[in-house]
Amino acid sequence: MNLDRRIRVIVAGTFIAVAARMSLVTFLSIYFAREQGIAIALVGLAFLVENLSRGVLAPFFGALSDRTGRRPLLLAGLIATAVILPCFLLVRGPVSLFAWSLALGIAGAIQFPAGSALLLDLAPPERRQSVLAVNYSAMCIGYTIGVVPGGVLAEQGYGLLAIVGGAGYLLVAVLLAIGLRGPLPQELATSGESIARRTLSVTRDRAFIAFALLGLIFPFSMGLYAFVIALSAYDMGLEPGMIGVILGANGIFIALFAVPVAARIEPMGPFRLLGLAGAFLAAAYLCFALVPGAVSALLCGAMVFTLGELIFSSAVPAAVARLAPPGARGAYQGAWGLVHALGMGSALLVSGVLKDLAGWRNTWLVFAGLSLAAGLALLATRERFLRASDRRTAPSG
């Protein structure tokens, strides 16, 4: 089946944006904590502020995109991020750190739901999980391209990384402005229903709320991978360059196998294997806690983590799309953006608190237990979510 060529434009933009962002943010916890002398827990709180501000506002901007269109909001968010991201160099203490985090979160709230919903608008319903896997592969390649040299450049200084980050987002804005010209497909929101009402309707959806509570473990795991693992490995004696190389290998494996895995599991539906993904995450955290040697623990944990990520990276957004009623795709992607932001944003804060109380080993053991419990719950409820999604009319895109 031929896919809309504009999907390739979005995938290319995803690749560039992730490379620009992850070359920088993976090492920002080290920069703020070790070079600026800000406490880890406080840095984690600032990351939570960024993610919560993005998440709280994402449902509104998602619902707004259902009504007004995706493209204007997507471009506005990209340009705002390009300006704000390099301003981390101006951070000199907690006040400026929180101001920067809040501004970055607002910019992301404009961009994230519009971009996700637009990709789903362009993809046929029966091919969404495969399309999401292709987009996620682009993210992982971008992560690898960004994080490996990012670690090396971080050892030399952060000024060049700031320039690369801002320029990357500007390039994506230009690419999408050119590549997405003309009319775009979109399932319009129900006429007569206000944006605020559409936004709040998600909070009354019991099936979505239940899925969000259990699925929170997946964005939390991404927050651990993006912000916490590097700091944990650094405290164990590894240099940023080595950390970047090891973590970057994850992106290579995802890029190689995400699409074949998604195509294989797509006929099963997005809910079927999420319990297994939770079990893989638990096993990865056990590696971080129990495998002797910093390099061996990081290598083993990253590889096992990849097995879980291959499943949830495409299955979770496809599951959210199946739970969305007609005309509410942007609102539901925005609502998941809130869940995603809460999970990713709380990872460093929770880790910093637990690490100070019990050390890194016990922290990883706690996360292993939580992931296993969530995986078992998802396994037990998968048929219930499937029935709930089947009762809803799938958006035609």
Side-chain angles (χ1 to χ4, degrees), residues 17-57 76-112 146-147 149-170 223-235 237-241 243-244 247 341-342 344-357 360:
V18 171
R21 181 178 175 88
M22 298 314 295
S23 67
L24 177 59
V25 300
T26 301
F27 304 99
L28 279 184
S29 58
I30 298 174
Y31 173 80
F32 290 134
R34 302 298 177 234
E35 298 197 18
Q36 294 298 321
I38 303 174
I40 295 175
L42 197 58
V43 175
L45 184 58
F47 275 72
L48 179 59
V49 167
E50 179 209 340
N51 282 272
L52 282 181
S53 60
R54 180 174 69 245
V56 168
L57 293 174
L78 287 168
I79 294 171
T81 302
V83 174
I84 296 167
L85 186 61
C87 292
F88 78 92
L89 291 173
L90 302 177
V91 170
R92 291 295 181 269
V95 175
S96 53
L97 173 62
F98 283 105
W100 174 80
S101 298
L102 180 62
L104 191 63
I106 294 172
I110 302 172
Q111 169 197 332
F112 174 80
V147 75
V152 175
L153 291 174
E155 295 178 358
Q156 311 301 318
Y158 284 78
L160 183 58
L161 286 180
I163 296 174
V164 169
Y169 273 89
L170 282 178
L224 294 177
Y225 201 89
F227 307 125
V228 177
I229 292 175
L231 184 58
S232 173
Y234 184 83
D235 286 348
L238 295 184
E239 293 299 321
I243 296 170
L247 294 183
L342 179 61
M344 284 202 71
S346 62
L348 184 56
L349 174 61
V350 173
S351 300
V353 172
L354 289 177
K355 182 262 180 183
D356 290 341
L357 291 174
W360 282 118

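The basis for the numbers below is simple: all heavy atoms, side chains too, and nothing from hydrogens, waters or symmetry mates.
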Tell me, please, which residues at least two apart from L28 pass side chain to side chain contact (heavy atoms under 4.5 Å, CB included).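 Listed in chain order: L24, V25, Y31, F32, F47, F88, W100.
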Excluding sequence neighbours, so at least two apart, what forms side chain to side chain contact (heavy atoms under 4.5 Å, CB included) with A20?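 Applying side chain to side chain contact (heavy atoms under 4.5 Å, CB included) to A20 gives Y169.
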Specify the closest pair of heavy atoms between [X] and [Y], including all atoms of both residues, with the distance to one decimal.
X    : Y   : value
S101 : S53 : O-OG, 4.2 Å
R21  : R54 : NH2-NH1, 4.4 Å
L97  : V43 : CD2-CA, 4.2 Å

Stepwise side chain to side chain contact (heavy atoms under 4.5 Å, CB included) test for S96 and L90: CA-CA 7 Å; S96 53; L90 302 177; over 6 Å; no
Considering only distance and modelled atom types, tabulate donor-acceptor pairs under 3.5 Å from the side chains of residues 77-85, sequence neighbours left out.
from: T81; atom 1: OG1; to: G77; atom 2: O; distance (Å): 2.8

Hey, are the side chains of L231 and K355 touching, using non-hydrogen atoms and a 4.5 Å cut-off?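 L231 vs K355: side chains apart.
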If only atom types and distance count, is the side chain of S351 paired as donor or acceptor with the main-chain N or O of A347 below 3.5 Å?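 A pair under 3.5 Å: yes.
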Atom pair CG/OG of L224 and S346 - distance to nearest 0.5 Å: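 Going from CG on L224 over to OG on S346, the span is 8.5 Å.
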What's the spacing between L102 CG and E50 CD if we round to 0.5 Å?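 If I round to the nearest 0.5 Å, the distance is 10.0 Å.
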